[in-house]
Each structure stands twice: as C-alpha cells, then as structure tokens.
Amino acid sequence: MEIDYIEFIDKYYDQAEIIYSGLKRRTGEDYIVHPLGVAYILADLKMDPITIGCSLIHEAISLGKMTYEEIENKFGTESANIVASVTKISNL
C-alpha cells in the first residue's frame, strides 16, 4: 500500500516541479524547497496522501501557475479546495 502512496504523491511532485521551475525566493533558494519541507513535515506527522500532495502545490494559485479548475481537473475537488483555502489564508 505504501508504494501506491508514493506513486500518488509523485504526481503532485511532478506538477510542483513545473509550477516552481526556475523560481527563486528572495533568499536565492529554489522555490520548491519550502513546499518540499512542508511535505516532509506532514509525512512525518502521518498525514493523508492528499494533504501531503497538496502541500507540494500549495502556492500554485497564489503564483498564478494553476487555477482552481486546473487543480480540480488534475487532482480532484478535494485537492482544489485545500489549495484554494491555503491560498485564501496566506493572502489575508
């Protein structure tokens, strides 16, 4: 069963590579480092695969790299809702 989770999360990771490709933070660090760190923390906390996957793409909407609809089409409504809710919280 664990292998299925890895393959599932890999789809989010592949999208994260596209989303954050070539982007750097103000510190000069690759943009993807933060989402990867969040994913590791959530995995360590034994969160579900959708939550871990969404952590990898959680800045997609705020960066204008994906729309809610694109996330919904690719990953499902639950993922789109999670990413959109994080975006709303982070944009307050």
Side-chain angles (χ1 to χ4, degrees):
M1 191 64 127
E2 195 171 318
I3 296 297
D4 292 338
Y5 288 157
I6 292 170
E7 290 174 11
F8 179 84
I9 293 169
D10 272 349
K11 293 176 185 174
Y12 288 86
Y13 177 78
D14 291 344
Q15 187 64 41
E17 283 189 318
I18 294 167
I19 293 166
Y20 307 119
S21 176
L23 295 179
K24 300 275 187 188
R25 299 219 178 249
R26 288 183 193 155
T27 62
E29 182 175 72
D30 288 339
Y31 214 92
I32 199 168
V33 172
H34 166 69
L36 284 172
V38 175
Y40 281 118
I41 290 168
L42 295 176
D44 192 46
L45 293 171
K46 308 229 186 295
M47 298 298 291
D48 63 279
I50 291 177
T51 301
I52 295 168
C54 287
S55 71
L56 291 168
I57 63 167
H58 76 269
E59 296 187 68
I61 294 174
S62 63
L63 291 171
K65 298 292 186 169
M66 292 183 82
T67 64
Y68 175 94
E69 293 76 16
E70 289 170 330
I71 294 169
E72 184 176 38
N73 289 335
K74 188 163 186 121
F75 300 107
T77 302
E78 185 176 2
S79 291
N81 286 338
I82 290 170
V83 174
S85 69
V86 171
T87 299
K88 289 177 185 172
I89 291 169
S90 67
N91 287 337
L92 290 177

Does the side chain of L36 reach to within under 4.5 Å of the side chain of Y13, using non-hydrogen atoms?
yes
Does any part of the side chain of E17, heavy atoms only, come nearer than 4.5 Å to the side chain of I32, both counted from C-beta?
yes
In the single-linkage hydrophobic clustering (I, L, V, M, F, W, Y; side-chain heavy atoms under 4.5 Å), do I18 and V83 co-cluster?
no
Measure the shortest side-chain to side-chain distance between N81 and Y68 over non-hydrogen atoms and say whether it is less than 4.5 angstrom.
yes
Sorted by chain and residue number, the salt bridge (charged side-chain N to carboxylate O under 4.0 Å, His left out) partners of K74 (sequence neighbours excluded) come out as none
Which pairs of donor and acceptor atoms, one on a side chain in residues 39-51, lie under 3.5 Å apart (sequence neighbours left out)?
residue: D48; atom: OD1; partner: T51; partner atom: OG1; Å: 2.7
residue: D48; atom: OD2; partner: I50; partner atom: N; Å: 3.2
residue: D48; atom: OD2; partner: T51; partner atom: N; Å: 3.0
residue: D48; atom: OD2; partner: T51; partner atom: OG1; Å: 3.2

Minimal non-hydrogen separation, P35 against S55, with atom names:
CB-O, 3.5 Å
Between I82 and C54 the two heavy atoms that sit nearest each other are CG2-CB, 3.7 Å
Heavy-atom closest pair, residues E59 and Y31
OE1-OH, 2.9 Å
Validation row: H34, H58 side chains within 4.5 angstrom (heavy atoms)
yes
I need the minimum non-hydrogen distance between T67 and I61, along with the two atoms involved.
C-CG1, 4.3 Å
Is the closest side-chain heavy-atom distance between Y5 and I52 below 4.5 Å?
no
Is there a side-chain contact between I57 and F75, using heavy atoms and a 4.5 Å cut-off?
yes
Check the pair V33, R25 against side-chain contact (heavy atoms from CB on, under 4.5 Å), reporting the backbone distance first and the verdict last.
CA-CA 9 Å; V33 172; R25 299 219 178 249; over 6 Å; no
Would you call M66 and I19 a side-chain contact if the rule is heavy atoms closer than 4.5 Å?
yes
